[in-house]
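Order of the sequence lines sets the chain letters (A, B, ...), proteins ahead of strands, with each chain counted from 1. Every heavy atom of this structure was used, including side-chain atoms; hydrogens, water molecules and symmetry mates were not.
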Amino acid sequence: MSERIPEHRYTAALANEIEARWQERWEAEDTFASANPAGPWADPDDPRLGQGHRFIMDMFPYPSGTGLHVGHPLGFIATDVHARFARTTGMNVLHTMGFDAFGLPAEQYAVQTGQHPRVTTERNMEIYRAQLRRLGMGHEQRRSFATIDPGYYRWTQWIFTQIFESWYDVDAPARTGEGTGRARPIRELVAQFASGERDLDLHDDEGRPRTWADLSPVEQADVLDGYRLAYLSSAPVNWCPGLGTVLSNEEVTADGRSERGNFPVFKRNLSQWMMRITAYADRLTDDLDRLDWPEKVKLMQRNWIGRSVGATVRFDVPSASSGHDGTLPLHVFTTRPDTLFGATFMVVAPEHPSLAEIVPDAWPEGTDPRWTDGAPDPRTAVTAYQRMASTKSDVERQADAKTKTGVFTGAFATNPVDGRQVPVFVADYVLMGYGTGAIMAVPGQDQRDWDFAVAYGLPIIRTVQPTEGHPEDQAFTGEGPAVNSANDEVSLDGLGVAEAKERIIAWLVERGLGRETVTYRLRDWLFSRQRYWGEPFPVVWDEDGVAHTVPDEMLPVELPDVPDYSPRTYEPEDADSSPEAPLARATDWVEVELDLGDGRGVRRYRRETNTMPNWAGSCWYHLRYLDPANEDALVDPTVERYWIGPRPAPVAGAPAGATDPGGVDLYVGGVEHAVLHLLYSRFWHKVLFDLGYVSSEEPFRRLINQGMIEAYVYRDARGFPVPAAEVEEVPDPEGGAPTFTWQGEPVTQEYGKMGKSLKNVVTPDEMCEQYGADTFRVYEMSMGPLEQYRPWETRAVVGSMRFLQRLWRNVVDEETGELTVTDDPMDVETEKALHRTIAGVRADYEALRTNTAIAKMIELNNHLTKLPAAPRAAVEPLVQMVAPVAPHVAEELWSRLGHEGSLAWAPFPEADPQLLVEDTVTCVVQVRGKVRDRLEVAADVDEATLQELALASPKVQAIIDGAPVRKVIVRAPGLVNIVV
RNA sequence: GCCCCCGUAGCCCAACUGGCAGAGGCAGCCCACUUAAAAUGGGCACAGUGCGGGUUCGAGUCCCGUCGGGGGUACCA
């Protein structure tokens, strides 16, 4: 059987041999090394430095150990193709790959397999490296690193200390020169406190102001924690007993479970490290406009940050505390201050601290029985309601979202615009964590308030005129003129929403009753984890309990090897359990004597035993790729400016006047990181920018989310998945949809993810073995646009194999291995086809439309196949064009065609513009938009002649049939449309 | 509920600022090579763009509505 296959045919076996050979050569010759302008690898004389540059990056993977399937390398192949193409256009290209190797997945895998995470992680990375190499990735090997390398996390820790030793000064001029707000070293704040330039706002028991020098070290540390960008906080955090660690808000799903592992998450008050990302909320929102990112991702970030502009308004409530007979201010946040005249009651969150002071001893005279929940007095009612609310889980609370519950506090507040007494309720549809934890309820213009008003029999006043036909029984949240909105001093009646807001805010400000306010949904980033496998904090605690960062020369603080690295985990539902950091057990490591160089000499300290979340390492790896060997800085400033500094032109689609923020030229990865990694990384980058370490304001100038490769799942009659590879397709004899069988039994087909349990996993290794890496690359790239989700179909891979086989046959005789190309000149048709292809493929590669580039190359190759012998003059440029997608076979053919060096830097073919113009074109003649005739005309035909020719066409005449011509549209030279 | 994206041959996908619906591939059918085959070569056929309106000389493309699929988010005041 096999002896019948021609000896020199491009088979999988030959492909594998060629691929291994070229991979070795690329590695031996450092083919993909890029040039640096400065830093330890400075090569300022490299001619490529002056020719433009491009930094192309993938989201680096976790070396997870669960194995790769064919979907994983999709983005990697796409960036590799683009990077290889960019090199052939003369650019200095930086493209490498590293590993995000700290964190839960690596640790969990290690725990499962009973081995130390470092052992399993390093082994998995080796497997990953081998797989990527086998796929022919042109990564620059010397720049590769993993986040677990001490030489890398030394700088992760260094950045942490920079953040810890900084505060956000909202009044300082921005580093960009426009506006205000930037991070500054905390010592500058200390100096301000010490000199009295900034008021401490602290008083002793007698009410005298206290000075900085009066404060104890612990008190000073407390004050600074209120400013530091990395600080300690004991606030309610997300405690996940099932994982044994706390989690950030971003890591908790909407239904209150951990994103990883899907365990329940509880709110616990714990002292934890936080990152003050909220200080950057405005810039993180605003600068999205300057990025070339998918709108979807920008939208997700905007929603996550959740900036909303409104007003804080003061309502006054009589105090119920004994011995205190004034009023208490109760502040509400509202985005609709224009509707104040429609506020008919107030609602506070069950956790609201003012409740204790406003709830009176007895129900006011004539209290509606629906409001009391049958309680004898307000205190009983409110306490009962608070208890009920506190025991409700997030899930239950959400499930109950439709029905509003609440209870009257017994207190009435004064509506500041008209002095009306409005009842104050407590209800769990108001959240303590947002705004001020209290709202003014405007049922007329808010559906939630409407629902509550209906349930409790509260008055409803419309203060915006609803549009015609708006249902009578619903709140009107739309745009319209204000009505019923006037007092003796101000009237909003007739104004639109925006104007009404403006006027009422001005009035509130004037009366000292409120001010414009911006609130955010974004919360500070919880930054500590009770896990072993992460970066240790470069922090020690002194005997007073004050935290200090360790000096730079003591970095890295290495993760100690401990016998027991697994975290203490609990029953997932055990809400009362407490986190316990594995490092706390390493007492020899924890208890240290150090001289921190602060003049206090050698002292005893305890090390911080929490570790950083796995997002830390990925926050800045783009910077380290630029200068990975630099031991003096995280990146040399010249190198940073060269690769990712701001460019003269803003990104495509940026608003007028926007400037380029700098950043990686192309970043490709999954959309699942839209708010986690990408938000954190932007935040760190901005801090580094403010502190002057980088010239770019953003890490990633352009982002593309690659789609996922999904697969069909086949299930038998019992609903169990059967091996997808063994399923046979049965065509429908009627020509309808095909059916499927497995071992003769009918099975059903559905579409979904690839997974072991679904028995539909296909691995890149299998594909390399059966077809070769080049075929696999061509197939993945030809399946459709990069962003698209698409189903894997192993049967279809052969099409890509055939393409490469035909290309091979156009150069090499399958029987003898001799060259078959002819040195005769090309015929005109071939030449034009070639140049059309060059122009098209170049544009497609540039725009990452690799699928259409491949189609064009197949088309040209098919044309060459039909010739008696393929001309060298056409084959060579075709081989060069194929090289980015199928680099091994292209290199092999290039060398067989007699060329010495690698194709990697060979210039991409140039299209001759003269050969792109056709002498004649086919002109379409339409009558009333329908094609009736085609004419061969000169490409430069003028409109009048073309119109004449079209009208003279016998086919057109027959259709018109003497009817009067009303109008003729001529789009020379391609189209004439005749309207009768 | 709200927001976003996508619906083109049996399947994956092309189609520039509106201008001939088809570039490419898979599967199908026919022929050739072959004892037989296919990861061989050649050829053929296959949809009027989810559905309903509108704008236009002309709509896959723009607008409105609707259905289906996917994603995000969810009492955020």
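Nucleotides B:C12 and B:A21 are separated by 23 Å at their P atoms, to the nearest Å. Here the separation of B:C20 from B:A38, taken at their P atoms, is 40 Å to the nearest Å. A distance of about 35 Å separates the C1' atoms of B:C13 and B:A74, rounded to the whole Å. Spacing between B:G43 and B:U8 at atom C1', rounded to whole Å, works out to 25 Å. B:C2 and B:A45 have their C1' atoms separated by 47 Å, given to the nearest Å. For the C1' atoms, the distance linking B:C16 with B:A23 amounts to 14 Å, nearest Å. Comparing the P positions of B:C5 and B:C62 gives an interatomic distance of 11 Å, to the nearest angstrom. The P atoms of B:U17 and B:U73 are separated by 32 Å, rounded to the nearest whole Å.
Under a 4.0 Å N-O distance rule, the pair A:Arg9/A:Asp813 does not qualify as a salt bridge. Using a cutoff of 4.0 Å between basic side-chain nitrogens and carboxylate oxygens, A:Glu710 and A:Arg790 are not scored as salt-bridged.
Among the heavy atoms of the strands, none lies under 4.0 Å from A:Lys856. A:Asp449 comes within contact range of no nucleotide atom at all, as no heavy-atom separation falls under 4.0 Å. In this structure, A:Ala855 reaches the bases: a heavy-atom distance under 4.0 Å links it to at least one base atom across the strands shown. Within 4.0 Å (heavy atoms only), A:Ser308 reaches sugar-phosphate atoms of the nucleic acid but no base atom. In this structure, A:Thr865 reaches the sugar-phosphate backbone alone: every heavy-atom distance under 4.0 Å involves primed, P, OP1 or OP2 atoms, never a base. In this structure, A:Met300 reaches the sugar-phosphate backbone alone: every heavy-atom distance under 4.0 Å involves primed, P, OP1 or OP2 atoms, never a base. A:Ala12 comes within 4.0 angstrom of a nucleotide base, judged by non-hydrogen atoms across all strands. Backbone-only engagement by A:Arg806 is indicated by non-hydrogen atom pairs under 4.0 Å involving sugar-phosphate atoms exclusively.
Of the nucleotides present, B:C51 is the one that pairs with B:G65 by Watson-Crick or G-U wobble criteria, both distances under 3.5 Å. Look at B:G19: its Watson-Crick or wobble partner, with both distances under 3.5 angstrom, is B:C57. Here B:G1 sits opposite B:U73 as a Watson-Crick or G-U wobble pair (both hydrogen-bonding atom distances under 3.5 Å). Across all strands shown, B:A27 has no partner, as no Watson-Crick or G-U wobble contact with both distances under 3.5 Å is found. With a cut-off of 3.5 Å on both pairing distances, B:U34 has no Watson-Crick or G-U wobble partner at all.
Atom OH in A:Tyr520 sits about 14 Å away from atom P in B:A77, given to the nearest Å. If you take CD of A:Gln805 and P of B:G42, they are 12 Å apart, rounded to a whole angstrom. One can place CG of A:Asp451 at 12 Å from C1' of B:G1, the figure rounded to the nearest angstrom. Rounded to an integer number of Å, the gap from OH of A:Tyr771 to P of B:C26 is 11 Å. Whole-Å rounding puts the A:Lys501 NZ to B:A77 C1' distance at 12 Å. Rounded to whole Å, the distance from CZ on A:Arg836 to C1' on B:C16 is 16 Å. Rounded to a whole Å, the CD atom of A:Glu295 is 16 Å from the P atom of B:C3. In this structure, A:Leu678 atom CG and B:G72 atom C1' are separated by 15 Å, rounded to whole Å.
Mapping A:Val979 and A:Asp446 onto RNA chain B via the closest heavy atom, the residue that lands nearer the 5' end is A:Val979. Residue-to-nucleotide proximity on RNA chain B shows that, of A:Phe333 and A:Ile854, the 5′-proximal contact is made by A:Ile854.
For A:Glu17, the salt bridge (charged side-chain N to carboxylate O under 4.0 Å, His left out) partners at least two apart in sequence or on another chain are A:Arg21. For A:His863, the side-chain hydrogen bond (donor to acceptor under 3.5 Å, both in side chains) criterion is met by A:Thr830, not counting sequence neighbours. A:Arg521 is linked by a salt bridge (charged side-chain N to carboxylate O under 4.0 Å, His left out) to nothing, counting only residues two or more places apart in sequence or in another chain. Here A:Glu295 pairs with A:Lys298 under the salt bridge (charged side-chain N to carboxylate O under 4.0 Å, His left out) rule; sequence neighbours left out. With sequence neighbours left out, the ring-ring contact (aromatic ring centres under 6.0 Å, His included) criterion links A:Tyr385 to no other residue. Remark: A:Arg795 engages A:Glu729, A:Glu793 in a salt bridge (charged side-chain N to carboxylate O under 4.0 Å, His left out) (not counting sequence neighbours). Listed by chain and number, the residues in a ring-ring contact (aromatic ring centres under 6.0 Å, His included) with A:Tyr714 are A:Phe740 (sequence neighbours excluded).
Under 4.0 angstrom from either OP1 or OP2 of B:G24 there lies no side-chain N or O belonging to A:Arg802. Regarding contacts with the backbone of B:A74, a side-chain N or O of A:Arg521 is found under 4.0 angstrom from either OP1 or OP2.
Closest approach to the A:Arg795 side chain among B:A27, B:G71, B:G25 is made by B:A27 (side chain taken as heavy atoms from C-beta onward). Among the nucleotides B:A77, B:G24, B:C3, the one closest to any side-chain atom of A:Leu299 is B:C3. Considering only side-chain atoms of A:Val798, the nucleotide from B:C75, B:A77, B:C26 that sits closest is B:C26.
The only option from A:Thr477, A:Thr463, A:Ile460 that meets the side-chain contact (heavy atoms from CB on, under 4.5 Å) definition with A:Gln445 turns out to be A:Thr463.
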Under 3.5 Å between N/O atoms: give me all the protein pairs with nucleotides 12-15 of chain B, atom names plus distance.
| from | atom 1 | to | atom 2 | distance (Å) |
| --- | --- | --- | --- | --- |
| B:C12 | O2' | A:Met783 | O | 3.0 |
| B:C13 | OP1 | A:Gln788 | NE2 | 2.7 |
| B:C13 | OP1 | A:Tyr789 | O | 3.3 |
| B:C13 | O5' | A:Gln788 | NE2 | 3.2 |

What's touching nucleotides 18-21 of chain B from the protein side, N or O pairs under 3.5 Å?
| from | atom 1 | to | atom 2 | distance (Å) |
| --- | --- | --- | --- | --- |
| B:G19 | O6 | A:Arg971 | NE | 3.4 |
| B:G19 | O6 | A:Arg971 | NH2 | 3.3 |
| B:G19 | N2 | A:Gln926 | OE1 | 3.2 |
| B:G19 | N2 | A:Asn977 | ND2 | 3.2 |
| B:C20 | O2 | A:Arg934 | NE | 2.6 |
| B:C20 | O2 | A:Arg934 | NH2 | 2.4 |

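To the nearest 0.5 Å, atoms OG (A:Ser800) and CE (A:Met767) are separated by 11.5 Å.
Both tests pass for A:Lys404 against the ring of A:Tyr429: distance under 6.0 Å to the centre and angle within 45° of the axis.
A heavy-atom distance below 4.5 Å is found between the side chains of A:Pro294 and A:Leu703.
Here B:G18 is in the anti range [glycosidic angle more than 90° from 0].
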